[in-house]
Amino acid sequence: MSILYHEGAKTFHLANGEISYLMKILPNGGLGQLYFGQAVRDRESFDHLLEMKHRPMTSYVFEGNKFFSLEHCKQEYPAYGTTDFRHPAVELLQPNGSRVTDFVYHSHTVAAGKPALAGLPATYCESGDEAETLTVCLKDSLLGASLFLSYTIFAGQSVIARSARLENGGSEALHLTNAMSLCLDLPDSDYELVHFSGAWSRERHQRVRRLEQGIQSVESTRGHSSHSHNPFIMLRRPGTGEDSGEAIGFSLVYSGNFLAQVEVDAWDTARVTMGINPFGFDWKLSPGESFQTPEAVMAYSCRGMGEMSRAFHRLYRTRLARGQWRDRPRPILINNWEATYFNFTEDKLVAIAQAAQKDGVELFVLDDGWFGARSNDFAGLGDWVASPERLPNGIASLAERIDALGMKFGLWFEPEMVNKDSGLYRAHPDWMLQTPGRRASHGRNQFVLDFSRPEVVEHIYDRIAAVLSEAKVSYIKWDMNRSMTEAYSAALPPDRQGELFHRYILGVYSLYGRLNAAFPHVLFESCASGGGRFDPGMLYYAPQGWVSDNSDAIERLKIQYGTSFCYPISSIGAHVSAVPNHQVNRVTPLSTRANVAAFGTFGYELDLNQLTEEEREQVRAQIAFMKEYREVIQFGDFYRLRSPFEGNFTAWMVVSPDRRTALVGWYKTLNEVNGPYRRVKLRGLDPELCYTVDGGAGHYGDELMRVGLLTTDSAAGERQPDEAASCDYDSRIFVLKA
């Protein structure tokens with residue numbers, strides 16, 4: 001791993017044996033992009049990669065020079081208006097009304113390790129030899145402004161983390177209206193854009209389109225990363241698969257409004273930008289103030305999409321997630337929500353927990369409805385005190401009873417929201433986001449607290465901390481059930497209202513960080529009506545997230561498959577729920593519900609007392625299986641084998657770090673009649689090891705990867721009496737041991 005600077009050619013080379021990233025100081029003093037991809041041998045000069053031609057209808061930087069134009073130059077952090085007409089990475093509105101800037105190279109530093117980003121989640125190092133960080137300082141002498149571009153390259157990993165910081169060293173206020181976390185200019189546009197979009201209960205469905213001249217983007221303006229689009233995109237060469245071909249992933253470590261955009265110009269250069277959405281963004285930089293962008297992470301693979309995903313998995317699982325729960329297997333839980341909704345008492349909850357404990361469940365989670373006047377979703381949000389009607393003895397009493405069963409106790413909060421029918425709203429109506437003189441829109445009969453105000457965050461912290469201090473709480477499900485409307489803060493002056501969305505997210509991060517520090521033993525799970533804020537920013541504070549409110553096993557195949565392109569399996573909250581399913585009314589086998597949920601942080605979303613004894617036996621076997629293999633599943637290497645977006649079958653697998661244990665999940669949506677023989681080629685095994693399949697015959701890894709694992713079931717031909725019947729929504733987990 002090294003970051004080299006060649007003074008003669010003014011070229012930077014970030015390299016670690018896996019990848020190379022090349023930049024050059026341009027003739028105008030700006031920073032230019034030369035190459036990002038598979039590692040290349042270093043040389044003193046890569047100037048030949050900076051191509052310049054005279055072109056008609058082009059504007060040029062220097063008088064008398066008809067070759068150097070920023071319109072035809074690949075740049076690291078471009079601005080608009082000085083011969084480049086593409087969308088910029090930075091824009092500053094100045095006192096005279098101009099938006100033209102000229103940031104030129106001033107200095108650079110190279111340091112071991114990776115500095116933290118103040119107030120923001122980011123990847124990190126635990127020792128200085130894990131990474132190196134290059135920080136390039138560019139200055140606009142007319143404005144007195146400085147731009148610091150940071151690049152971190154990790155040892156042995158094909159990823160680079162990037163961010164930018166703007167400082168106003170001048171004498172007048174500036175307004176930052178655009179500050180991307182990364183810009184990457186690619187020399188051609190022969191790529192497919194892959195993104196993961198959807199809506200509530202069908203999050204992160206895979207979408208693919210060819211890049212064309214013009215702009216293609218995904219974004220959020222909802223105040224959170226959203227169910228609609230995820231702050232992750234991928235560019236892949238046509239024909240790239242899971243094992244071969246070139247892919248570049250772009251991921252934003254942020255939970256608010258974002259933009260991920262690819263602009264292809266008339267010469268087929270592709271410009272990728274990613275960062276805070278400029279829509280409605282305006283950050284006032286007074287003299288002496290600075291602004292730090294969120295971090296963006298780029299992962300490159302020349303060995304297919306699977307290797308790109310595993311690069312993100314390794315980094316995010318071990319160097320983004322933090323705390324006591326980062327490397328620990330997650331407890332098997334049961335959540336009462338779909339079992340009771342708002343209709344419960346302490347005794348009813350304990351009865352559910354007692355049944356779960358007998359079957360091996362380790363954690364009982366009390367969901368919505370335990371606080372204030374919360375008998376429905378019209379009241380109570382903001383009043384984080386136990387309901388005297390439902391829990392007359394308080395949370396501490398219930399927690400003690402759960403603890404006496406030998407189980408851990410978890411609790412649901414929705415800290416960012418308020419109902420008008422609440423003590424909090426009656427005491428502080430101005431703490432709600434609302435535009436003066438305008439109607440306040442509601443979502444789920446609730447309104448958004450102004451987390452841009454430190455006093456609001458302080459109040460909510462005090463209320464939650466009081467509950468966690470007096471009761472044995474080991475787990476928090478942090479929910480967020482609506483997008484932001486009428487986004488106006490009574491505490492901000494008019495010229496700072498454009499800061500609200502970002503200040504709000506900084507407030508959320510502040511609350512999360514304080515609770516993490518004060519209660520390090522608590523496992524946090526993020527939730528936003530399911531997957532409405534499932535992003536890397538949340539993983540920094542909560543190592544797992546409720547991936548979707550849709551718990552139907554068949555819908556979850558697509559949701560979990562799409563999520564896996566960026567996010568590790570240890571981050572994916574996945575539960576077995578009752579049938580008919582509460583979202584799609586589908587009836588699926590209990591075994592399939594568990595076989596899908598197994599590839600995540602496993603739990604149950606039902607009342608086990610309502611199951612038959614035969615079903616309870618299945619549950620006990622499922623839990624025993626998860627306890628034996630959850631470390632392999634949650635911390636092994638994940639491989640996608642067959643896509644639910646491409647046919648009737650889905651398959652994936654995990655392989656332990658030593659490659660001696662593997663689990664293959666195989667799923668069939670609809671049954672067949674007289675179907676063909678079937679097999680699936682595995683990945684990630686040791687070709688020299690012989691693996692037993694479900695304790696039976698042995699097969700060498702090379703055979704299983706090149707010939708395949710036989711998955712033929714009784715739907716092939718006519719079922720014989722000694723064969724298990726196949727069915728719609730069938731599934732199986734194969735266990736391979738060396």
Side-chain angles (χ1 to χ4, degrees), residues 18-19 37-38 157-159 190-196 204-210 230 232-251 297-317 556-569 571-572 596 599-600 632-633 636-657 659 662-669 678-687 691 701-711 733-734 736:
E18 293 286 330
I19 54 173
Q38 192 172 1
Q157 300 201 58
S158 55
V159 296
D190 187 23
Y191 291 96
E192 293 172 333
L193 169 63
V194 186
H195 61 98
F196 299 86
R204 287 173 296 288
H205 282 209
Q206 182 179 351
R207 313 290 182 185
V208 181
R209 48 180 144 152
R210 283 297 299 265
N230 196 262
F232 168 75
I233 62 172
M234 172 175 57
L235 295 182
R236 69 183 185 192
R237 296 294 191 184
T240 294
E242 287 291 328
D243 298 311
S244 63
E246 190 177 36
I248 310 174
F250 303 87
S251 174
V297 178
M298 307 185 304
Y300 172 82
S301 171
C302 60
R303 297 185 292 274
M305 297 180 291
E307 189 57 37
M308 177 214 68
S309 293
R310 287 184 288 278
F312 278 117
H313 294 178
R314 288 188 291 268
L315 183 69
Y316 284 178
R317 188 179 66 238
R556 274 301 188 100
L557 291 172
K558 292 181 177 179
I559 294 168
Q560 292 177 210
Y561 189 94
T563 301
S564 76
F565 275 85
C566 181
Y567 302 98
I569 301 305
S571 71
I572 297 175
V596 175
F599 290 86
V632 174
I633 293 171
D637 289 328
F638 184 77
Y639 296 82
R640 293 178 295 270
L641 305 178
R642 191 159 294 171
S643 170
F645 298 102
E646 297 176 0
N648 193 44
F649 292 85
T650 303
W652 52 47
M653 65 184 292
V654 290
V655 182
S656 63
R659 297 201 290 176
L663 289 91
V664 180
W666 173 89
Y667 311 91
K668 175 168 61 175
T669 302
R678 296 198 177 275
R679 65 181 66 165
V680 59
K681 293 182 179 180
L682 306 187
R683 297 186 174 106
L685 302 176
D686 187 330
Y691 295 86
D702 59 352
E703 176 192 331
L704 291 167
M705 293 188 290
R706 297 168 188 171
V707 180
L709 173 70
L710 301 183
T711 60
I733 295 180
F734 297 88
L736 282 64

For this session: Count the heavy atoms belonging to other residues, nucleotides or ligands that lie under 6.0 Å from CZ of R210, then report whether that count exceeds 12.
Result: yes

Exercise. Going from CZ on R642 to OG1 on T650, what distance comes out if it is rounded to the nearest 0.5 angstrom?
Worked result: 9.5 Å

Problem set entry | Residues E307 and R314 bridged, charged N to O under 4.0 Å | yes

Problem set entry | Evaluation steps, side chain to side chain contact (heavy atoms under 4.5 Å, CB included), between N648 and K668 | CA-CA 6 Å; N648 193 44; K668 175 168 61 175; 3.8 Å; yes

Exercise. Can you list the residues that meet the ring-ring contact (aromatic ring centres under 6.0 Å, His included) rule with F649, with sequence neighbours excluded?
Worked result: W666

For this session: Give, for atom CD1 of I233 and atom NE2 of H195, the distance between the pair rounded to the nearest 0.5 Å.
Result: 9.0 Å

Exercise. Is there side-chain contact between R207 and F196, with heavy atoms separated by less than 4.5 Å?
Worked result: no

Exercise. Honestly, is R640 close enough over F565, meaning NZ or CZ under 6.0 Å from the six-membered ring centre and within 45° of the axis?
Worked result: yes

Exercise. With a 4.0 Å cut-off, would you call E18 and R303 a salt bridge?
Worked result: yes

With a 3.5 Å cut-off and sequence neighbours excluded, list the donor-acceptor pairs that the side chains of residues 244-251 form with protein atoms.
residue, atom, partner, partner atom, Å
E246, OE1, R237, NE, 2.9
E246, OE2, Y300, OH, 2.8
S251, OG, Y316, OH, 2.8

Problem set entry | Minimum-distance pair of heavy atoms, taken over all atoms of V664 and F599 | C-CZ, 4.4 Å

Problem set entry | Gap separating the CG atom of L704 from the NZ atom of K681, nearest 0.5 angstrom | 12.5 Å

For this session: Verify side chain to side chain contact (heavy atoms under 4.5 Å, CB included) between Y567 and N230, making sure each step is shown before the conclusion.
Result: CA-CA 11 Å; Y567 302 98; N230 196 262; 2.6 Å; yes

For this session: Evaluate the ring planes of W652 and F638, with Trp represented by its six-membered ring, and classify them as parallel (under 30°), tilted (30 to 60°) or perpendicular (over 60°).
Result: tilted

